[in-house]
Amino acid sequence: MIPRGCENDILRRLAEMPFLDRLELVALCRRARSAVYASMDRLAERGTVQAVLHASALTCPTRRYCLTPYGLERLAELEGVSVEELLASRPVSARWQRVLLERLDALAVIYRTAASFPQAERSLGFRWHRSGTLDAGITLPGGRTLAVVRMGNAADRTAFAKRLWRLSQEARPGAVLLLAPDEVRLRQVSRMLDNLPLLGFIALEGDAARAGNGGEARIWRSPGSPAPSDLGEALEYVPSSGELPEPAPTPVEAVPTELRLDLPDDKVPPHLLPVLLKPAEKRLLDLLHDWPWLTPPHLQQLLGVNHSRVYQVSERLKSLGLALAVNAGGKRCLVLSDAGLAFLARRDRSAVGVARQRWSAAPVDSESPLDWRNVHGSRSRQLLRNLDHTQAVHWFLAELAGQSRRLGCELTRFDPPRRASRFFRYNDRLHSVRPDAFGVVERDGKQWPFFLEWKRRAVRPTTMAARIAPYLRYYANPRPLDDHGAIPYVLVVFDDDIAAGHFVRVADKEMRRTGVRVPLWVSHRAALEELGPLGAAWQRPGSFQPQCAF
């Protein structure tokens with residue numbers, strides 16, 4: 001016999017936290033797994049809850065549940081309130097449903113984090129924030145408060161820093177749980193947090209998604225402590241004096257209708273895309289967001305799949321209106337559509353208008369041929385204007401990814417220029433390095449981070465000296481190690497061997513003059529085409545013998 005209290009607990013949790021899966025309900029309702037699973041079956045049979053199948057690059061396929069209109073009526077009766085009062089106090093309205101579905105990939109990771117709290121802390125209060133500085137607020141037993149803030153892959157670094165600053169100026173929570181998409185941005189967020197009057201703990205989003213129940217995984221770091229801690233240890237530092245910002249007032253909203261998941265691709269509403277897209281399709285969207293104007297052959301090598309698989313995934317994205325295939329410079333390239341940009345921006349709580357202003361590949365005049373003058377997005381326009389250079393960088397990364405797999409390595413990271421840039425202070429002035437890419441090659445647990453600079457034409461010695469100067473300033477202080485946990489190589493590639501030879505001599509002279517050693521490796525396209533990026537195609541200053549960089 002299933003206790004009726006278990007079903008009631010599930011209804012209340014799903015009203016507070018829509019789209020939980022059954023394992024998360026087991027943890028948060030503090031009930032036996034068999035009782036929760038049986039209760040969910042009965043609730044689904046009665047039409048009280050509805051399931052959607054969801055998966056992402058970080059979370060395995062699972063059924064996530066929400067209340068149906070009948071379920072809302074049942075809960076309102078249970079709580080002794082009207083459905084309208086329920087809609088005003090819980091995130092269960094039609095509008096809330098759309099917002100949470102749009103953020104479903106992020107929502108899944110945040111729910112996994114909440115479900116991983118130690119057993120004593122699982123009777124928590126949870127509140128989503130539709131707008132404002134935080135994604136969600138958590139209230140623990142004893143009145144302690146936590147703000148959950150996620151930095152998505154499409155989030156702008158400057159906008160995210162402002163978001164954290166605004167949080168520090170509002171009613172301050174006891175602590176902030178920050179989720180970062182990768183190691184570099186985790187270190188950037190740690191520096192942001194170190195300059196704010198907030199107690200914060202940071203984890204990689206992938207680690208949080210994989211953490212088991214009980215919070216025993218040592219994945220949480222704080223700016224003041226180099227050693228990671230588990231969630232239970234982190235919560236011991238949370239004071240009881242904090243408070244969460246008040247969410248914006250909720251207007252009168254409509255009851256949601258049951259979700260229809262059987263629509264043809266051209267009729268799918270945008271908020272259902274996170275449910276209908278498969279992890280491979282989401283991965284391709286992220287890749288096209290990072291690297292516009294990719295050709296299918298480069299995509300094959302970067303993803304490690306064959307031509308038919310790239311065609312299958314890209315055709316599905318095109319049928320959903322999320323990607324476009326265009327002819328640029330005589331080659332077939334793939335880019336995100338405006339709808340694809342909006343999908344990623346809403347998932348990561350970025351401004352849709354800003355994303356389109358920067359990255360839209362839509363033509364200004366649909367009747368004119370596509371060239372760089374006829375593209376809406378300012379940064380897409382710049383990449384298209386320098387298409388030879390753009391695709392040379394794509395070629396290098398694709399070759400490196402393909403050769404890595406053949407030799408038992410892996411290109412685990414390849415960040416576009418906007419994320420590869422590093423800002424630092426030198427002689428009390430703000431400086432930067434702005435490479436064409438940043439990546440990490442990994443083999444047997446050892447990592448080799450690198451910056452990539454692709455130089456298309458020969459330049460004068462004074463210009464060559466100016467190209468190496470930012471790296472001399474960067475490597476003159478501890479920032480490379482602070483940013484990456486290891487000293488990154490600087491890979492410089494020229495189109496011809498003469499320019500590469502000149503650059504090696506100029507760089508060697510500048511390093512001797514300044515006394516700063518940059519881990520510099522120089523090559524040219526012909527050598528890389530013959531030997532590959534992992535071959536003996538590189539030259540170091542002070543050495544005339546070609547060597548392997550990795």
Side-chain angles (χ1 to χ4, degrees), residues 1-56 59-105 107-108 110-112 114-115 126-128 130 250 252-265 267-277:
M1 179 70 180
I2 302 165
R4 198 57 175 265
C6 183
E7 293 183 11
N8 295 342
D9 285 350
I10 289 172
L11 292 178
R12 291 188 178 99
R13 269 297 176 193
L14 287 179
E16 187 179 37
M17 305 170 72
F19 300 107
L20 285 166
D21 72 7
R22 290 181 295 183
L23 286 177
E24 292 156 359
L25 281 164
V26 168
L28 293 168
C29 291
R30 306 174 78 179
R31 297 278 184 170
R33 180 170 173 170
S34 58
V36 169
Y37 276 50
S39 295
M40 292 302 298
D41 289 342
R42 289 183 58 178
L43 290 171
E45 286 174 7
R46 293 199 296 264
T48 313
V49 299
Q50 179 180 9
V52 296
L53 188 63
H54 172 256
S56 72
T59 56
C60 297
T62 185
R63 285 186 175 85
R64 297 196 167 275
Y65 292 85
C66 63
L67 298 179
T68 62
Y70 173 67
L72 289 175
E73 292 177 7
R74 175 73 184 87
L75 180 60
E77 179 184 339
L78 181 68
E79 298 279 294
V81 298
S82 66
V83 173
E84 289 72 21
E85 289 175 294
L86 203 61
L87 293 173
S89 62
R90 310 283 177 86
V92 290
S93 67
R95 186 179 176 193
W96 259 117
Q97 187 180 81
R98 288 195 301 272
V99 169
L100 294 178
L101 282 169
E102 287 170 345
R103 301 179 190 171
L104 196 57
D105 291 355
L107 172 147
I110 293 173
Y111 280 165
R112 290 291 165 90
F126 189 97
R127 187 158 195 169
W128 282 109
R130 196 153 58 194
T250 304
V252 178
E253 295 183 339
V255 176
T257 58
E258 290 207 30
L259 298 172
R260 285 193 59 195
L261 305 176
D262 57 349
L263 298 170
D265 285 352
K267 301 293 185 183
V268 173
H271 64 275
L272 288 183
L273 290 170
V275 176
L276 299 176
L277 288 172

Separation between CD1 of I110 and CD of E24, rounded to the nearest 0.5 Å: 11.5 Å
Pairwise side-chain contact, R33 with L23, heavy-atom cut-off 4.5 Å (strictly under): yes
4.5 Å side-chain heavy-atom contact, C66 and V52: no
Side chain to side chain contact (heavy atoms under 4.5 Å, CB included) partners of R30, counting only residues at least two apart: Q119, R122, S123
Qualifying residue for side chain to side chain contact (heavy atoms under 4.5 Å, CB included) with L20, from I10, V26, L14: L14
Carboxylate-amine/guanidinium contact R130 E253, below 4.0 Å: yes
Contact check, side chains of W96 and L87, non-hydrogen atoms, under 4.5 Å: no
Residues that R46 engages under side chain to side chain donor-acceptor pair (under 3.5 Å), provided they are two or more places apart: E7
With R90 via salt bridge (charged side-chain N to carboxylate O under 4.0 Å, His left out) - residues at least two apart: E79
Interatomic distance, K267 atom NZ to L272 atom CG [nearest 0.5 angstrom]: 14.5 Å
Shortest non-hydrogen separation from A51 to L261 and the atoms involved: O-CD1, 4.4 Å
Smallest separation among heavy atoms of T59 and A108, with atom names: CG2-CB, 4.1 Å
Min side-chain heavy-atom separation L107-W128 under 4.5 Å: yes
Close side-chain approach of L11 and L43, heavy atoms under 4.5 Å: yes
A27 to A115 - nearest heavy-atom pair and separation: CB-O, 3.6 Å
Non-neighbouring partners of Q97 that pass side chain to side chain donor-acceptor pair (under 3.5 Å), sequence neighbours left out: none
Residues forming a salt bridge (charged side-chain N to carboxylate O under 4.0 Å, His left out) with D41, sequence neighbours excluded: none
Straight-line distance of R95 CZ to L100 CG, nearest 0.5 Å: 11.5 Å
Side-chain heavy-atom pair V275, L259 within 4.5 angstrom cut-off: no
Distance (rounded to the nearest 0.5 Å) between H54 NE2 and D105 CG: 4.0 Å
Min side-chain heavy-atom separation P18-P91 under 4.5 Å: yes
Closest contact, heavy atoms only, P269 versus L263: CD-CD1, 3.7 Å
Residues R42, E45: salt bridge by 4.0 Å N-O rule: no
D9 versus R31, closest heavy-atom pair with distance: OD2-NH2, 2.8 Å
Verdict with reasoning, R64 to Y111, per side chain to side chain contact (heavy atoms under 4.5 Å, CB included): CA-CA 11 Å; R64 297 196 167 275; Y111 280 165; 4.0 Å; yes
Euclidean distance, E16 CD relative to F126 CZ, rounded to 0.5 Å: 8.0 Å
For R74, salt bridge (charged side-chain N to carboxylate O under 4.0 Å, His left out) partners two or more places apart: none
Side-chain (S93) to main-chain (A254) donor-acceptor, under 3.5 angstrom: no
Interatomic spacing from CG in L277 to CG in L104 - rounded to 0.5 Å: 11.0 Å
Shortest non-hydrogen contact from P256 toward L72: CD-CD1, 3.8 Å
pair R12-L75: side-chain heavy atoms closer than 4.5 Å: yes
Donor on one side chain, acceptor on other, D21 and T62, under 3.5 Å: yes
